[in-house]
Undergrad: 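The following block contains the structure, expressed as structure tokens.
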Protein chains: 2
Amino acid sequence: MNEPLDIVFSALADPTRRTILAMLLEDDMAVTDVAEPFEMSLAAISKHLVILTKAGLISQEKRGRVKWCKLEPDALRSASVWMQGFGQFEPVNLDAFERFLEIEIPNAEET
Amino acid sequence: MNEPLDIVFSALADPTRRTILAMLLEDDMAVTDVAEPFEMSLAAISKHLVILTKAGLISQEKRGRVKWCKLEPDALRSASVWMQGFGQFEPVNLDAFERFLEIEIPNAEET
DNA sequence: TGAACAATCAACCAAAAGGTTGAATATGCG
DNA sequence: CGCATATTCAACCTTTTGGTTGATTGTTCA
């Protein structure tokens, strides 16, 4: 698994990692705070953060004891460009957005 | 690994499968013809096609002996829209976006 | 200094992913 | 019918993934 697209897509394939990305949408966070809401160990979250960092989806900066995690949304661009190569749809398509909402939201509760 | 986005992103994470999708961009293809340029066995390609089908990225229709594979770009749309959400630096409505992600950000205070 | 905290490392484990080969199941056709 | 073709199934193997626990490394601060 060496190509950038492999790394980005497989990073996005895990729901824990997507949740972390969504959390970082709100604000930068320390590793411990990222881990806090999850039921898995800190070490497991630390590994997820390494994977997200290698994919370029986040960056990590250590200040003192604390390592801050920051979303890097630009990394999604290559994957997004690849998908737009399939070109049958607009990159931001509100109709599709709404259809997606209607279809997927009912499942959101059954985590 | 049950949720739609898990399945779509992990289907996209494999370079063989992305190549297959690109091939199908040109035209529908029979399983044997999809497999021909690859160095792996037909059975391996058949498994990849099952994964792409379960992700909704292709459909397969059997006519006679031949099973035709057809690109279904609508499944890419959901993933593309998901990614576009991260490109917008100030999400218009974060709550709606989180629902859109079809996840619930775990919150230890409530659980 | 030394205790508490932040984060990673190392070793390990179970399950899933991705491949193989050989047999099986349809289907088409001379 | 009988054989070739198209595809999948079943069993197996190796590597990767995602998790665990306990030890370890830095850092802060009373």
Side-chain angles (χ1 to χ4, degrees), chain A residues 1-24 27-70 111, chain B residues 1-21 23-24 27-70 103 106 108 111:
Chain A
M1 209 202 35
N2 18 29
E3 295 197 30
L5 283 178
D6 296 25
I7 298 173
V8 170
F9 280 130
S10 65
L12 293 175
D14 183 274
T16 299
R17 289 193 289 266
R18 288 201 310 278
T19 302
I20 291 172
L21 293 178
M23 290 163 65
L24 292 177
D27 207 353
D28 300 354
M29 295 180 82
V31 173
T32 303
D33 294 330
V34 170
E36 195 270 339
F38 294 96
E39 286 180 349
M40 68 188 70
S41 69
L42 182 62
I45 295 295
S46 178
K47 285 187 188 177
H48 281 304
L49 293 172
V50 167
I51 290 169
L52 288 170
T53 301
K54 284 184 176 163
L57 291 162
I58 68 169
S59 58
Q60 290 181 289
E61 181 198 358
K62 191 170 183 185
R63 290 203 296 271
R65 295 191 281 194
V66 176
K67 208 171 196 177
W68 292 90
C69 304
K70 178 178 177 0
T111 319
Chain B
M1 210 207 33
N2 308 319
E3 301 205 26
L5 283 177
D6 295 26
I7 298 173
V8 170
F9 280 129
S10 66
L12 293 176
D14 184 275
T16 299
R17 290 193 289 266
R18 287 200 309 277
T19 302
I20 291 173
L21 292 177
M23 291 163 65
L24 293 176
D27 207 353
D28 299 354
M29 296 179 81
V31 172
T32 303
D33 295 330
V34 169
E36 195 270 338
F38 294 96
E39 286 180 349
M40 66 188 69
S41 69
L42 184 61
I45 295 294
S46 179
K47 285 187 190 178
H48 280 305
L49 292 171
V50 167
I51 290 168
L52 288 170
T53 301
K54 285 184 177 164
L57 290 163
I58 68 170
S59 58
Q60 290 182 289
E61 182 198 357
K62 191 170 183 186
R63 289 204 296 271
R65 299 189 278 194
V66 176
K67 207 170 197 177
W68 292 91
C69 305
K70 178 177 176 3
I103 56 170
T111 345

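Computed from a prediction, not measured in an experiment: that's the story for all the values here. Numbered from 1 within each chain, the chains take letters A, B, ... in sequence-line order.
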Undergrad: B:Glu61 CD to D:dA6 P: how many Å, rounded?
TA: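 Distance, rounded to whole Å: 18 Å.
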Undergrad: Output the rounded distance in Å from CZ (A:Arg18) to P (D:dG18).
TA: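 Distance, rounded to whole Å: 12 Å.
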Undergrad: Please pick, from D:dA11, C:dT8, D:dT8, the nucleotide with the shortest atom-to-atom distance to any side-chain atom of B:Lys47.
TA: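 Selected nucleotide: D:dA11.
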Undergrad: So B:Ala43, base contact, sugar-phosphate only, or nothing? Heavy-atom distance under 4.0 Å.
TA: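 Here B:Ala43 touches the bases of the nucleic acid.
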Undergrad: Nearest-Å distance, CE (A:Met29) to P (C:dA7)?
TA: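 The distance from CE of A:Met29 to P of C:dA7 comes to 11 Å, rounded to the nearest Å.
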Undergrad: Looking at every strand, decide which applies to B:Arg63 at a 4.0 Å heavy-atom threshold: base, sugar-phosphate, or nothing.
TA: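 Touches nothing.
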Undergrad: Taking CG from A:Leu52 and P from D:dG18, how many angstroms apart are they, rounded to a whole number?
TA: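 Going from A:Leu52 (CG) to D:dG18 (P), I get 11 Å.
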Undergrad: OP1, OP2 of C:dA7 versus side-chain N and O of A:Ser46: anything below 4.0 Å?
TA: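 No, outside the criterion.
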Undergrad: Within the structure, does a side-chain N or O atom of A:Ser41 lie under 4.0 Å from either OP1 or OP2 of D:dT20?
TA: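 For A:Ser41, the contact criterion (side-chain N or O under 4.0 Å from OP1 or OP2 of D:dT20) is met.
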Undergrad: For A:Gln60 and A:Val31, run side-chain contact (heavy atoms from CB on, under 4.5 Å): C-alpha distance rounded to whole Å, both residues' side-chain angles, the deciding distance at 0.1 Å, then the answer.
TA: CA-CA 9 Å; A:Gln60 290 181 289; A:Val31 173; 3.9 Å; yes
Undergrad: Counting heavy atoms from C-beta on, name the nucleotide in C:dG18, D:dT8, D:dG18 closest to the side chain of A:Asp14.
TA: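 Nearest listed nucleotide: D:dG18.
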Undergrad: Between B:Ile45 (CD1) and C:dT20 (P), how many Å, whole number?
TA: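 In whole Å, C:dT20 P lies 9 Å from B:Ile45 CD1.
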Undergrad: Roughly how far, to the nearest 0.5 Å, is CZ of A:Phe38 from NE2 of A:His48?
TA: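 Answer rounded to 0.5 Å: 8.0 Å.
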Undergrad: Report the nucleotide, chosen from D:dT5, C:dT8, D:dT8, that has the shortest atom-to-atom distance to any side-chain atom of B:Arg65.
TA: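 Selected nucleotide (nearest to the side chain): D:dT5.
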Undergrad: Specify the separation, in whole Å, of atom CD of A:Glu36 and atom C1' of C:dA7.
TA: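 My rounded result for the distance is 16 Å.
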Undergrad: Whole angstrom is fine here: how far is it from CD in A:Glu39 over to P in D:dG18?
TA: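 Going from CD in A:Glu39 over to P in D:dG18 covers 18 Å.
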Undergrad: Report the residue (A:Lys62 or B:Val50) whose heavy-atom-nearest nucleotide on DNA chain D is the more 5′ of the two.
TA: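 Closer to the 5' end of DNA chain D: B:Val50.
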Undergrad: If you check every side-chain atom of A:Gln60, which of C:dA6, C:dT8, D:dG19 has the closest atom?
TA: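 In terms of side-chain proximity for A:Gln60, the closest of C:dA6, C:dT8, D:dG19 is C:dT8.
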Undergrad: So how far is it from A:Leu52 CG to A:Ser59 OG, rounded to the nearest 0.5 Å?
TA: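 OG of A:Ser59 is found 11.0 Å from CG of A:Leu52.
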Undergrad: Rounded to the nearest angstrom, tell me the gap between atom CG in A:Leu49 and atom P in C:dA7.
TA: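 It is 9 Å, rounded to the nearest whole Å.
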Undergrad: What's the separation between atom CG in A:Leu57 and atom CZ in A:Arg18, rounded to the nearest 0.5 Å?
TA: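 Answer rounded to 0.5 Å: 12.0 Å.
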Undergrad: Yes or no on side-chain contact (heavy atoms from CB on, under 4.5 Å) for A:Ile45 and A:Thr16, after CA distance, side-chain angles and deciding distance?
TA: CA-CA 9 Å; A:Ile45 295 295; A:Thr16 299; 4.3 Å; yes
Undergrad: Check every atom of D:dA6, C:dA7, D:dT8 against the side chain of A:Leu42 and return the nucleotide holding the closest atom.
TA: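 Nearest to the side chain of A:Leu42 among the choices is C:dA7.
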Undergrad: For a quick check of understanding: with a heavy-atom distance under 4.0 Å over all strands, which category does A:Thr32 fall into, base, sugar-phosphate or nothing?
TA: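 Touches sugar-phosphate only.
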Undergrad: Just N and O in the side chain of B:His48: are any of them under 4.0 Å from OP1 or OP2 of C:dG19?
TA: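 So the side-chain polar atoms of B:His48 do come within 4.0 Å of the phosphate oxygens OP1 or OP2 of C:dG19, strictly under.
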